[in-house]
Each structure stands twice: as structure tokens, then as C-alpha cells.
Colleague: 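Just dropping this structure here.
Chain naming here is simple, since letters A, B, ... match the order of the sequence lines and numbering starts at 1 in each.
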Protein chains: 2
Amino acid sequence: MARKILVVGAGKSTAYLMDYLLEKSGTENLHLTIGDLHPEEISSEISSHPACTVKQLDIFDETARRKEIEASDVVVSMLPARFHFQVAEDCLNYGKHLITASYVSKEIKELDKKAKEKGLVFMNEIGLDPGIDHMSAMQAIDNIRAKGGKMLLFETFTGGLVAPESDNNLWNYKFTWNPRNVVLAGQGGAAKFIQEGSYKYIPYHKLFRRTEFMEIEGYGTFEGYANRDSLNYREAYGLNEALTLYRGTMRRIGFSKAWNMFVQLGMTDDSYSIENSEGMSYREYVNLFLPYSPTDSVELKLRHYLKIDQDDIMWLKLVELNLFDPNKTIQLKNATPAQMLQKILEDSWTLAEDEKDMIVMYHKFGYEVNGKKEQLDANMVVLGENRTYTAMAKTVGLPVAIATLLILNKKITTPGVQIPTKKEVYDPILAELKKLGVGFKEFKVPYLGYNPDSVAG
Amino acid sequence: MARKILVVGAGKSTAYLMDYLLEKSGTENLHLTIGDLHPEEISSEISSHPACTVKQLDIFDETARRKEIEASDVVVSMLPARFHFQVAEDCLNYGKHLITASYVSKEIKELDKKAKEKGLVFMNEIGLDPGIDHMSAMQAIDNIRAKGGKMLLFETFTGGLVAPESDNNLWNYKFTWNPRNVVLAGQGGAAKFIQEGSYKYIPYHKLFRRTEFMEIEGYGTFEGYANRDSLNYREAYGLNEALTLYRGTMRRIGFSKAWNMFVQLGMTDDSYSIENSEGMSYREYVNLFLPYSPTDSVELKLRHYLKIDQDDIMWLKLVELNLFDPNKTIQLKNATPAQMLQKILEDSWTLAEDEKDMIVMYHKFGYEVNGKKEQLDANMVVLGENRTYTAMAKTVGLPVAIATLLILNKKITTPGVQIPTKKEVYDPILAELKKLGVGFKEFKVPYLGYNPDSVAG
């Protein structure tokens, strides 16, 4: 009898995940059941595959959910993170392994002991970011340590961007994932990191003005801004000795400086609603955040407020978004400034049918070995094929699929609630990813860190 | 038998309150009972007065609290706002009037019906701000309406500042009230107001760069920054027709631009703790918010980050606070950036024994009467006498004391939970305040508003 894989939730990131498992269904003797609230949205290539069954499944229908989980050998949850817990509890009850691409929540973490007792693998954070970042970083770090190296610096940046051939606006950016997360990025507390042993804190309103640059051969220059609390890596990767820990989000050069205009104006605020938002023109929306004047134009007030010179490309970026259009209106009731901004951006930043996305990841590893300081940089570029087979879907879905098969084949056996930082996990997954075109280029660079001459700071 | 006034809580603002009531104790046949957790801190001039009894009272000791409330004729609560509710409930049970200087909380508001049923006056927001601002504004607005005027504009600004003779630092500012509130001022959501019918929103990180100027004859120029949600006045003052509503905080010119440096750096953030805060030098504290460099000085990094020219007075303001001192240390464990900043500022901004504070208030009333637009401005300046008899204590304590006596004498009788916006309340209180040196100067100015030529905005 075929081994049964249940995938609950078939969202944007599952095309490659399904294809990978279905392609292996013959040699590996697999049957895939996809349970989704809207099964009609699943492509016929997948649903008509002989090794695949598609079912309508409401995750809140306890009876149906439990029936499917009980009947499976391993469960993959691609639901939004907040819905994993019920699935995880059922997996525990029926003795099934579980794979998700989401951050480990506090509730899921508390299932660790029970999962271990039952010998179950609850693998989380095994998508792109978190996921490929964990695996590639830990492989490099473990290699460095195996050579007797001591970690000094770890920096990691990831970006979901538009492929060069589809990169045709002044922002060098389009939405390739959840737009809301892009608009709210960086909110919810100061960014925290450590550089050469010095703690650093950046408030939200300065975040997009404290970027770092990095180069990827053949793809040009990128920038990175700090992403939340980089100190988390100390525990997760055992990097207590490292003097520099920095996690960031990658964008094309100039994006952050331009995005900062929205932050400064207050347009990314999601904490209050605008009463009369429905039917408000883009121009009126902009004017909400500018001083009143009976005569001065919205344009001049904005230029003056943000100190934008007449010939500054920042200005053209705003014009490109039709921000000053008095005729385009926002069709949202009682919306927050952030929701209204998202609508405006979606007008301009939605990928066209034939356009492609791109994933970039960049790691820096600084270390000391035999009394010498060295640095290894590694980067990965993945290009999407079209709007379904995106680089995002590939880099999120393939690690999940590969891990699922490895767990089913008892190649990954260490039980418990975990993230993919163990050799048992990252070695075979990274090797398989490489074969599928998802791999890193590594190169030695002179160690610089932030204090090349070891001056007392 | 003397009529009994119970005052619970004898904090900073009660010197004038007590003196006023004790001075009237003979002619008005009053006895004052002060219930406080630390009665030893009450001056002997007050505690030895024959018409005064001082008792130790723990507000959480239900039996003791109820006994005192039951024995009184009227109750004044000068406790922190969050402790009023228990007192208010007891007042309801024992049928006593209640006076507080605090904002009406949701819980207190819910007692309105019961208070009315029992014929009890629960008077709130009867200090300075809220308090004198409500009364003086409503008196002017009611006068304008009595002449057939239609309100177009209402702006109101209040500031707790240092008296000119004690104004000897570059910030023209010292703490004359709760320093924590000053450090956190403006946080907790965008400022909201309306100008000439246009809604305007200012995010926190721009708040201190959107000031207005105003002049007080004999006292020079002041500035005002927007204070929270000015739209609340529409309901409270019945100002639905007004095109401009703006409430602000007053400072000396240049304060806000300088304070903005702290905001931009992230020093006013109260949302996270700095692990190693205890023993951190002022200089190290500043460096937390600046990019890492092994060689560049904290000074130059800050100048560059905030774009402060070599000869900018902004710079001298920072130096005056010893911000770059490597030897002065912060003695606070696990403190937030805001708590640490407060400590540093208290070093420099604490009033000396012989120094005096100053309260300023400024109202603008724009209106149309007989087809003509007119404007009335009104301002009040109150100077403190010393560190006990402060202008703050005077302007908070006297309205409370006067209201208490008026309620006791049945001059204020309308029952229910209220704020002092009724003629019955503001007329006698403002008249008595004027006699005590707390009054407004009014003067007509040409109506300008923000759209003097009625241009379509």
C-alpha cells in the first residue's frame, strides 16, 4: 500500500511542494492527500494525478480533520501559523510526524516533551526564511567549527524581489508575497543586534536609513536593513561567542531610502482608522499627513516636509505610484493608513502574468582559526518561472517536501519539536536542494568585520 | 458642628488646596481631614492647624477608607487616577459628593446614573489641564454663542515650564511635574486634529517637528506641539461646527526641535529593556543608538546621524546634559531607554530649592458673528513662589478647593459624573481664581485661521 502524505492548506507556496512529491510518488510509493477549504483552486495537473486525492477540508471541522490525520502517515501543514496547533495536537494523539514552514510558536514548543516520548518528528521553520537560512548557515558554521574555528561574526540577509527581466519600475520592487507584511515590515519594536560586542538598537523610524550594502556577482548591488531581534541567533545557533550578529531584509539599492518617505509621513501606521477612507483620492490620502495650507500644493508641501530636491529620484518614485492623483480613489471602509498605502502600492507593484520573482539570500561568516581571522560569504539566487512557479514557492515548498520524504523514509529520526539546525536534517536537504537548482555560491573574502584593526571601540 | 472635608492623598499639588480650605475654615465652618499613606510628609503648618486632622490612611484598607468617607460631608481625591474608583464607589454608597482633578475614566463614567439618582456631584477634570482649560474655554465659547457667534476655530495650549528668573539652561526647561510623563509625551498613537475642515495626522516621530508659535506679551515666544486626539473637543464642548480643533503642549522656542533628537535616536522608547543598563555610562547609553565604529567618536557619529552642524545650538544642548560623559553612570537595572533618558535629564533639569516654575495657557477662539470673522485670544501666566508653592500646585489645587467649597455650599448642585463645562461651575470658580491671581488676559486679533482668504484647500 502507498504511504500517505496529508497536506493541509494549499496556498501560494505549494506548487513545487506538490510536484516534488507527486514526481516521487512512483519510485517512493506515495499517495498525496490535499485537504483545503477551496479545493477548486488547485490546478488540474495536480488534482488529476493518479497519486493525488484532493478533498475539501475545513480545518475547524474536528471530525473531518482527525479522520484525515489518522489515515495519514505524515502530515504537512501549510496553513497560516496560527492554525497549526490543532493539527499538531491531533498528530500527537494519532502518532503522526508533522512538518511546517512556520516559526515555532510557544504553544507548539510546549508539545516537545510529548512528541519526544512518542518518537515523533515535529519539524518547523523549514521553508525559505526561516528554513534554508537555518540549514545553510548551520552547515557553514558546523564546518568552521570542525576545522577548529571560533565564530566571530554572523550576518544573514534574505529578500523576496522581482527577477531582473521583470524589474521595470523605479523602486526595483514588486509584491511577490504577502503585501501586508511588506507594508508593516519593521514595526513592533526597535531592531536589536550586536556589532563587535556592542549592542545596537534602531527605532522603526530610523530602520530604513541604517542599511548595509552587498554585491552578488551577476546581479549587482543590494541593500539590507535590520530585521527584528538578531540576538535570537545566539541561542538557536549556539553563537554565544560571536561578537557580531545581524539579520536583515534585502532590497535593491535605494528601496529603503524611498520607503522611509512613507514611514516618515506616517503612512505605514496600522494603529488607527481613517473614518472617511472610502472614496478618498490618493491625493487626499497624502494630504492627511501634511500641514494644512489653503494655497500650497500637496506636491510642494511634501517636497518641503521631506526635503526632497527638485531633481531627486525619490520624487519620481512617488509620482510613479500615482500618489498625487486626485481621481484614483481608495475603495476601503474605515481603513488604517497602512491598509490604504497597501492598496495604492498594489496598483503598481503587482506582478503581471508573465513576470517573474527572485529570491536572494546572503550570509557572512567571520571566524578565527589557527590565530587567523577569515571570512566566508555565501549567497543564493533563485529565479521564478512564472506567477505560479515562483522562486518563493520553490524555496519555501521544496525544503518542506524534501524533509517530508526524509522523515517518511526514516532518514530524519530525532524526535521532538525542532528547527532544521541539525546535520542529520540540513545535510541531505541541502544536497537535494542543490540538485534542484537551489544552492549557494561560497567565496572566501578578507575578514573585515566592523573593526579590522581591532581598535578598542 | 464643623462641616467635614476629607482629602485623600496629599501629593505635590495640594499645598494651595489645603491652605485655601484652612483659611476659609473659620468663616465657612470647615474641618479638614487629610488621609495619606505618608502623613509625616505633610508640613507642620498644615498638620498643626486647629481645623485640620492628619491621619495615616491606606486607601486599600477598606474598613479605614469607608470609615473616613462615611464621616465626611464631601470627599476630594488627589490620589493617582487609577485609585479613584474605590473612593467613588464608597462615595456613592454613603451619599457623598466627590471632586477629582483627573480625567474621567470609563469606570467612573459608568457611575453617572447612580450619582444622579442620589443627587451627588461627581466633579472631575477640575485641575489645570484638564480643568482651567475647560472652564476658561467654555466661558469664552458660551459668550461668543450668546452674541450669536458661530465657532470656527478652537486651539488651546498649556505648558508647565520654568519661571523666567529660574530659566538658566539652554533647553529653557526643567521638570516641574512628573518627569516620566514628559519623557513619554506624544507616544501611544498619532496626533489627530482638524484644520479648516481637513483631518490631519502626525506620527510620533514627526510630532516635535510640526510646531506652532505664539507670543505672550512680557514673556516672549513659545511653541506648541499637537497633543493626542484634539477631535475629543467636538463632543466635550459641542464644537461640531468648528473647522479647526487643535490642542497642544507649550514649550519655549527650540525645545521641540531639540527633543526631537532623542526621539530620532530612539531614546524615548519605553517598550524594551536594556539588559546591561546598570552602571552603563551616559556615553555608552548614547552609543547604543548609533552605528558601530571602531574609531569614530560617539560625538561625530551622533552629529553625522542627526545632521547637526558644527555651530548648531542643538549640539550645545546635548553637551549641557553631559550626554557624552564616560564617567557618569546610570544606576538602574534592566531599564528601558526612556527610563535611562529620564535619569540623565533629572541630573540637569531638577528645580533647585530656590527656583520657581511657571504655568502658561493660551487659547484661540475664531468665530463668525453678523457675517464677520473675528478672533479672540486669551492667555494666562502663573508663576510659582518656591518648590512647594509651585504654579502647578496653585493651578491644580485652587480649582479643586474652590469647587469643593461651592459644592458644599450648594452653589454647584447639578448631580452626576461631570467635567466643569457648565456655567454654574465655571463662572464662580473662574471669578474666585481671578481674585487669587489666576486669570486670563483677553485680546481681539484679526481672524486669520489657516485660510484667511477662504481659498478652496
Colleague: Using non-hydrogen atoms and a 4.5 Å limit, figure out which bit of B:V263 sits close to chain A: side chain, backbone, both or neither.
Modeller: both
Colleague: So does A:K343 have more than 12 non-hydrogen atoms from other groups sitting under 6.0 Å from NZ?
Modeller: no
Colleague: Kindly give the heavy-atom pair with the smallest separation between A:A190 and B:D269, and that separation in Å.
Modeller: CB-OD2, 4.1 Å
Colleague: Among side-chain atoms of B:R209 and A:Y305, is any donor-acceptor pair under 3.5 angstrom?
Modeller: no
Colleague: Give, for atom OH of A:Y199 and atom CD of B:E284, the distance between the pair rounded to the nearest 0.5 Å.
Modeller: 12.5 Å
Colleague: Heavy atoms only, distances under 4.5 angstrom: which of A:I274, A:L290, A:I202 has the most pairs with chain B? Name it, please.
Modeller: A:L290
Colleague: May I ask you to name which of A:P337, A:P291, A:S297, A:G189 has the most heavy-atom pairs under 4.5 Å with chain B?
Modeller: A:P291
Colleague: Does atom CD of B:E275 have more than 12 heavy-atom neighbours, drawn from other residues, nucleotides or ligands, at distances under 6.0 Å?
Modeller: no
Colleague: How close do A:R210 and B:F289 get, heavy atom to heavy atom, and via which atoms?
Modeller: NH1-O, 3.1 Å
Colleague: Chain A heavy atoms under 4.5 Å from B:D296: which part of the residue, side chain, backbone, both or neither?
Modeller: neither
Colleague: At their closest point, which heavy atom of B:K192 faces which heavy atom of A:Y272, and how far apart are they?
Modeller: NZ-CB, 3.6 Å
Colleague: Quick one: closest heavy-atom pair of A:Q264 and B:K206, and the distance?
Modeller: O-CG, 3.3 Å
Colleague: Please check if the number of heavy atoms outside B:Q331 that lie under 6.0 Å from its CD is greater than 12.
Modeller: yes
Colleague: Supply the atom-to-atom distance A:Y201 OH to B:L288 CG, rounded to the nearest 0.5 angstrom.
Modeller: 6.0 Å
Colleague: Over all heavy atoms of both residues, which pair between B:G266 and A:P203 is shortest? Give the atoms and the distance, please.
Modeller: CA-CG, 3.6 Å
